[in-house]
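Report on one structure; see the data block that follows.
All of these numbers come straight from a predicted model, not from anything done at the bench.
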Amino acid sequence: MLDVICATRLASTEFWARSALGLSLRRLAHESRLKPRIHFDNARGLPAIYNERIDAPDASELLVFIHDDVWLDDHFFFEHVASALNAVDIAGVAGNRRRMPDQPSWAFVSPRFDWDSRANLSGTVCHGAEAFGTPTYFGPVPATCELLDGVLLAARRDALKQRGVRFDERFDFHFYDLDFCRSARQAGFTLATWPIAITHQSRGRAGTPGWEENYIRYLEKWGE
């Protein structure tokens with residue numbers, strides 16, 4: 001079984017009627033191995049929601065942490081996630097093979113939002129308002145990475161519990177993914193991108209006041 005974990009500001013009716021993830025899960029309703037774990041009307045930080053599912057007694061073996069503005073374009077979503085987690089500890093759809101000091105995202109290498117070179121990036125993510133959007137190619141997949149994009153993160157629940165890896169709740173909606181990746185690497189986990197087809201409706205909110213506050217917390221935590 002696979003838990004699809006999402007925190008959304010939408011009410012239940014709105015989520016299932018108009019969100020990208022809600023409509024995608026309805027389309028995949030025949031797949032009984034997918035267990036939607038949706039937190040509606042959410043105002044809490046993502047790490048708190050994600051940690052609760054890791055520790056929940058009824059949690060599935062496989063966990064996918066995902067945003068509500070993601071279309072699941074992959075009709076074999078379960079098979080591809082399971083395949084990824086048979087090969088590596090934590091999987092995503094886009095990432096960076098290296099990590100640099102003060103790096104503000106998986107893709108940017110400086111606070112000026114300078115992109116890292118293509119040689120260090122991995123993944124393909126489609127973008128657009130509707131499913132099966134325009135692909136953005138970052139680099140070859142699969143690839144072992146140091147950092148993964150938090151739009152989709154997959155992990156085995158038992159491995160997280162055994163090694164005590166959690167999402168840090170001092171971060172709410174920004175930098176929780178970079179911090180999680182660094183904590184996972186510190187615990188000896190392998191991270192990699194994997195071929196899983198999605199369309200993301202957003203390109204992120206880097207540079208907003210909330211992002212800036214979390215960036216400072218992130219640098220302070222890791223001594224950068």
*Kindly indicate whether the side chain of Leu34, heavy atoms from C-beta on, has any atom under 4.5 Å from the side chain of Phe78.*
yes
*With a 4.5 Å limit on heavy-atom distance, are the side chains of Ile90 and Thr190 in contact?*
no
*If every non-hydrogen atom of His80 is compared with every non-hydrogen atom of Pro195, which pair is closest and at what distance?*
ND1-O, 3.8 Å
*Could you state whether Val4 and Phe40 fall into the same hydrophobic cluster, counting links through intermediate Ile, Leu, Val, Met, Phe, Trp or Tyr residues with side-chain heavy atoms under 4.5 angstrom apart?*
yes
*asked:* Could you see if Val64 belongs to whatever hydrophobic cluster contains Val88? Use Ile, Leu, Val, Met, Phe, Trp, Tyr and a side-chain cutoff under 4.5 Å.
replied: no
*Any sub-3.5 Å donor-acceptor pair from Arg27's side-chain atoms to Leu72's backbone N or O?*
yes
*Show your reasoning for whether side chain to side chain contact (heavy atoms under 4.5 Å, CB included) applies to Lys221 and Asp168.*
CA-CA 10 Å; Lys221 174 179 176 178; Asp168 190 331; 2.8 Å; yes
*Okay, side chain of Glu31, backbone of Leu28: is any donor-acceptor separation there less than 3.5 Å?*
no
*What's the spacing between Ser19 OG and Glu14 CD if we round to 0.5 Å?*
9.5 Å
_Could you measure the distance from the OG atom of Ser24 to the CZ atom of Phe77? Nearest 0.5 Å is fine._
9.5 Å
_Path from Ile196 to Leu23 over hydrophobic side-chain contacts below 4.5 Å_ = no
_Let's go through Phe173 and Trp211 carefully: what are the C-alpha distance in whole Å and the side-chain angles of both, what is the deciding distance for ring pair (Phe, Tyr, Trp, His ring centres under 6.0 Å) to 0.1 Å, and is it a yes or a no?_
CA-CA 8 Å; Phe173 302 103; Trp211 182 93; over 10 Å; no
*salt bridge (Lys or Arg N to Asp or Glu O under 4.0 Å) pairs, two or more places apart, involving residues 66-93*: Arg33-Glu79
*For the pair Phe180 and Tyr50, evaluate ring pair (Phe, Tyr, Trp, His ring centres under 6.0 Å) and give the outcome as yes or no after the intermediate values.*
CA-CA 11 Å; Phe180 177 74; Tyr50 293 170; 8.6 Å; no
*Compare every heavy atom of Gly150 with every heavy atom of Asp177, then report the nearest pair and how far apart it is.*
OD2-N, 2.9 Å
*asked:* Just verifying a value: how many Å separate His174 NE2 and Leu46 CG, rounded to the nearest 0.5 Å?
replied: 9.5 Å
*Under a single-linkage definition using a 4.5 Å side-chain heavy-atom cutoff for Ile, Leu, Val, Met, Phe, Trp and Tyr, are Val109 and Leu147 assigned to the same hydrophobic cluster?*
no
*Salt bridge between Arg166 and Glu52, side-chain N to carboxylate O under 4.0 Å?*
no
_Between Ile66 and Val151, does the side chain to side chain contact (heavy atoms under 4.5 Å, CB included) criterion hold? Intermediate values first, please._
CA-CA 6 Å; Ile66 191 169; Val151 67; 5.7 Å; no
*Take Phe108 and Trp115 through the test ring pair (Phe, Tyr, Trp, His ring centres under 6.0 Å) and record every step on the way to the result.*
CA-CA 4 Å; Phe108 302 134; Trp115 281 85; 5.0 Å; yes
*Answer yes or no: is there an ion pair linking Arg170 with Asp179, defined by an N-O contact shorter than 4.0 Å?*
no
*Leu2 and Ser60, any side-chain heavy atoms less than 4.5 Å apart*: no
*Taking all non-hydrogen atoms of both residues into account, name the closest pair between Ala11 and Asp41 and its distance.*
CA-OD1, 3.4 Å
*Just how far is it from atom CG of Leu178 to atom CG of Asn214, taken to the nearest 0.5 Å?*
11.0 Å
_Taking the side chain as everything from C-beta on, heavy atoms only, tell me whether Glu130 gets closer than 4.5 Å to Trp71._
yes
*Decide whether Asn86 and Ser83 meet the rule of one side-chain donor and one side-chain acceptor closer than 3.5 Å.*
no
*Connected via hydrophobic side-chain network under 4.5 Å: Phe113 and Trp106*: yes
*Quick one: does Leu148's side chain get under 4.5 Å of Thr193's, heavy atoms only?*
yes
*Report the C-alpha distance between Glu224 and Arg99 in whole Å, list the side-chain angles of each, state the deciding distance to 0.1 Å, and finish with yes or no for salt bridge (charged side-chain N to carboxylate O under 4.0 Å, His left out).*
CA-CA 12 Å; Glu224 295 182 356; Arg99 178 180 54 79; 3.6 Å; yes
*What's the shortest heavy-atom distance between Arg26 and Ala17, and which atoms?*
NH1-CA, 4.0 Å
*Passing option when Leu63 is tested against Arg157, Arg37, Arg156 for side chain to side chain contact (heavy atoms under 4.5 Å, CB included)*: Arg157
*With distance as the sole test, does Thr199 use its side chain to make a donor-acceptor pair with the main-chain N or O of Gly133 at under 3.5 Å?*
yes
_Value rounded to 0.5 Å, distance of CG in Leu21 from CG in Leu152_ = 9.5 Å
*asked:* Taking the side chain as everything from C-beta on, heavy atoms only, tell me whether Leu85 gets closer than 4.5 Å to Trp194.
replied: no
*Between the side chains of Tyr218 and Arg182, does any donor sit under 3.5 Å from an acceptor?*
yes
*Is it true that Arg98 and Asp116 have a side-chain N and a carboxylate O under 4.0 angstrom from each other?*
yes
*Between Lys161 and Asp55, is a side chain to side chain contact (heavy atoms under 4.5 Å, CB included) present by the stated rule, with each step listed?*
CA-CA 8 Å; Lys161 287 179 68 67; Asp55 295 323; 3.6 Å; yes
*Which value, rounded to the nearest 0.5 Å, describes the distance between Ile198 atom CD1 and Thr124 atom OG1?*
10.5 Å
*Charged N to carboxylate O below 4.0 Å: is that the case for Asp3 and Lys35?*
no
*Just by modelled atom types, is the Phe175 backbone N or O under 3.5 Å from a matching donor or acceptor in the Tyr215 side chain?*
no
*Find out whether Arg53 and Asp58 are in side-chain contact, i.e. whether some heavy atom of one side chain is under 4.5 Å from a heavy atom of the other.*
yes
*For residues Thr134 and His127, is any side-chain donor paired with an opposing acceptor at under 3.5 Å?*
no
*Answer yes if the side chains of Glu146 and Asn96 hold a donor-acceptor pair under 3.5 Å, and no otherwise.*
no
*Do Trp222 and Ser183 have side chains that get closer than 4.5 Å, going by heavy atoms?*
yes
*Closest approach of Gln103 and Ala107, non-hydrogen atoms and distance?*
NE2-N, 4.5 Å
*Walk me through it: do Val125 and Phe138 pass the test side chain to side chain contact (heavy atoms under 4.5 Å, CB included)?*
CA-CA 8 Å; Val125 177; Phe138 300 109; 4.1 Å; yes
*asked:* On a heavy-atom basis, which atom in Tyr176 and which in Pro47 lie closest, and how many Å separate them?
replied: CB-CG, 3.6 Å
